[in-house]
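Accompanying notes for the structure given below.
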Amino acid sequence: MEAKERTVPPNFIRHVIEEDLRTGKYDGRVVTRFPPEPNGYLHIGHAKSICLNFGLAGEYGGTCHLRFDDTNPGKENIEFVNAIQADLRWLGFDWDRHLYFTSDYFDRLFDYAIALIKMGKAYVDSQSPDEIRQNRGTLKEPGTDSPYRNRTAAENLDLFEKMKTGDFGEGACVLRAKIDMAAPNIVMRDPALYRIRKQPHHRTEGLWCIYPMYDFAHCLSDSIEGITHSICTLEFENNRELYDWILDALNAYHPQQIEFARLNLNYTVLSKRKLITLVAKNHVSGWDDPRMPTISGLRRRGCPPEAIRNFCERIGVARRDSTVDFALLEYCIREELNKKAHRVMAVLNPLRVVIENYPEDQTETLSAVNNPEDAGMGTREIPFSKVFYIEREDFMEDPPKKFYRLAPGREVRLRYAYLVTCTDVIKDGNGNILELRCTYDPATRGGDAPDGRKVKSTLHWVSARHAIDAEVRLYDALFSVENPGAEEDFESVLNPKSVEVLTRCKVEPFLKTAAPGFRCQFERLGYFCVDTRDSSPGKPVFNRIVTLRDTWSKIQKKGKNDS
RNA sequence: UGAGGGUUAGUGUAGUGGUAACACGACGGGUUCUGGCCCCGUUAUCCAAGGUUCGAGUCCUUGACCCUCAGCCA
């Protein structure tokens, strides 16, 4: 009995597809595509688009293509092509045999350009980039025609051929669509279709020195592949008119472009440029730094792919700009991990405790549940002995009213072990607490008192003699303000405490053999993942994926505000 | 003040003329060998103003505010 499928919430794109299915607009086909430019790493914003496109295809029995939009050789490379595919697979998506590259269509695209020239709908402009910009006009004033706008088809054909054979230098000329320099939509003021780039392309190498522009290549690639619904983000809205114009001019198969609002997440940035800056200026350790909103960063942090998919489903799809709460992502991660993660005990800031009435050399083994949410995960044995560690913040010498944990004279439960009572506090000359002395009740083995008495709290612990030393990295938001992207200098608003490295942590022996990538819950603390880069068998390193919901910290904050 | 979009609880989405739904968050409570999970409750009259209608978040009008576009980037 698998978890019931969450019913996918309706959205406007679904409505369009269902209407098209009803009217038979595309003969019942649904073909979408995810078209990344291989010039960077995928991030959570891309995941929204990926889940949308693959999800829609899956739901309506269609297919989703993976197409690398590689029309700009200077910025793209094979490394990104591979990284993107790895991220997609990890996310759980399969494009089967539908892996395409816009560069595969360069010949056909060139022919389409020739066709446009022959129809008198495209011309070679020999103005400089600067002149072209000047003559484009402004948002409110129309542009002016290029002096080369009325070259004959024969002349254009000859010139375009020369562009292709490398007779001109970069920037010397460009192929433009002949539309309308006075068009109210600036995109339509004779947009560039092809430019000269004398750079080797990662796939076609030195074969071409002219490359199609996005507007020309994208619609035609969609057309060639028989895409039905070409889903992209809102900033391409103005380009839709051109998308349609090119396809109509060429009388080509015509998919429909549908735009949706891109994802914005608070306390982080999702713009490629800004992410590059973080990496380039070493604000983070790399693209897969666990604090990065990249797919590789989330993966290394320990975020399960299912959580990302659920998140993308929950945020919905619409056309209005919005910023999703980071708390929702955290919720999705916890939800997934709560069901799947192995529970384990680990002490981050150890405080030594000695049980005075416990036999010196005795060690006993106690049984612990591996996952209370899933009995199938079984139980394990944990060693217990006279000296152990508890979390420093689980003890207070002078506890406030709502503090239920250990305090002088108070009895608490050691999870799966015994009820212990604090009898003494050992301090150094400066008043720092060095160690605690307790007594235990032998009759409470396993954690329950035969006389039925209750304790207010249960603490996690690790036997000192059996503990394994570990490094634990506590991650927090990368930025300290909600909308770092709106800042004049987003680097100035980085959270200085986005990572805290603890090197003297104690974890239970079970973790000795934990493999890189292993996710578990440190009881009462949060979910952690064995780092895939820096962890080694003798010296485990854990990344905190996300904390547990922490009611106590809220009570503490409230207490501070009240007083 | 050119063109194209947008505006429903703190946040994100649903509602397609019949009297506002779901999720997260927040707050309160229950349960508990994780102050976790789980359970229960509270949390909006739909940007504004007019109009059409027996009835409007949904239709019309006017206005306000927000976003995108002047790369030989995508």
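Just so you know, these numbers come straight off a predicted model, no measurement behind them.
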Look at all strands and tell whether [X] reaches a base, only sugar-phosphate, or nothing, counting heavy atoms closer than 4.0 Å.
X      : answer
A:N239 : base
A:T138 : base
A:S553 : nothing
A:N72  : sugar-phosphate
A:Q521 : base
A:I132 : base
A:K75  : sugar-phosphate
A:I555 : base
A:R189 : nothing
A:P10  : sugar-phosphate
A:R343 : base
A:E76  : nothing
A:E523 : base
A:Y416 : base

Is [X] close enough to [N] that one of its side-chain N or O atoms is under 4.0 Å from OP1 or OP2 there?
X      : N     : value
A:S128 : B:C72 : no
A:R136 : B:G71 : yes
A:R195 : B:G71 : no
A:R176 : B:C72 : no
A:H46  : B:A74 : no
A:R319 : B:G6  : yes

Can we call the ring centroids of [X] and [Y] under 6.0 Å apart?
X      : Y      : result
A:F216 : A:Y194 : yes
A:F106 : A:H201 : yes
A:W552 : A:Y404 : no
A:F528 : A:F542 : no

Pairing nucleotide - [N], Watson-Crick or G-U, each distance under 3.5 Å:
N     : value
B:G4  : B:C67
B:C73 : none
B:U34 : none
B:G57 : none
B:A9  : none
B:U62 : B:A48
B:U19 : none

Does a salt bridge link [X] with [Y], judged by any charged N lying under 4.0 Å from a carboxylate O?
X      : Y      : answer
A:R445 : A:E364 : yes
A:R14  : A:E18  : no
A:R240 : A:E237 : no
A:E335 : A:R314 : yes
A:R67  : A:D104 : no

- Take atom P in B:A74 and the same atom in B:C37, then report the distance between them in whole Å.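 Straight-line distance between the two P atoms is 47 Å.
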- C1' spacing across the pair B:G10 / B:G5, given as an integer number of angstrom: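 Here B:G10 and B:G5 have their C1' atoms 25 Å from each other.
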- Task: Between A:R415 and A:E235, just flag the one whose closest nucleotide in RNA chain B comes earlier from the 5' side.
- Result: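 Looking at RNA chain B, the more 5' nearest nucleotide goes with A:R415.
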- Message: Whole angstroms only, please: what is the CG-P distance between A:D215 and B:C73?
- Response: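 Interatomic distance, CG of A:D215 to P of B:C73: 12 Å.
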- Could you give the NZ-to-P distance, from A:K140 to B:G2, as a whole number of Å?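 Atom NZ in A:K140 sits about 7 Å away from atom P in B:G2.
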- Could you encode protein contacts along nucleotides 23-29 of chain B as a string, one character per nucleotide from 5' to 3', using B for base contact, S for sugar-phosphate-only contact and - for no contact, with a heavy-atom cut-off of under 4.0 Å? SSSSSS-
- Query: At what distance, to the nearest 0.5 angstrom, does CG of A:L511 lie from NE2 of A:H342?
  - Reply: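 The distance works out to 9.0 Å.
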Candidates [options] - which lies nearest the side chain of [X]:
X      : options            : value
A:K402 : B:A74, B:G2, B:G35 : B:G35
A:R133 : B:G5, B:C73, B:A70 : B:A70
A:R320 : B:G6, B:C73, B:C69 : B:G6

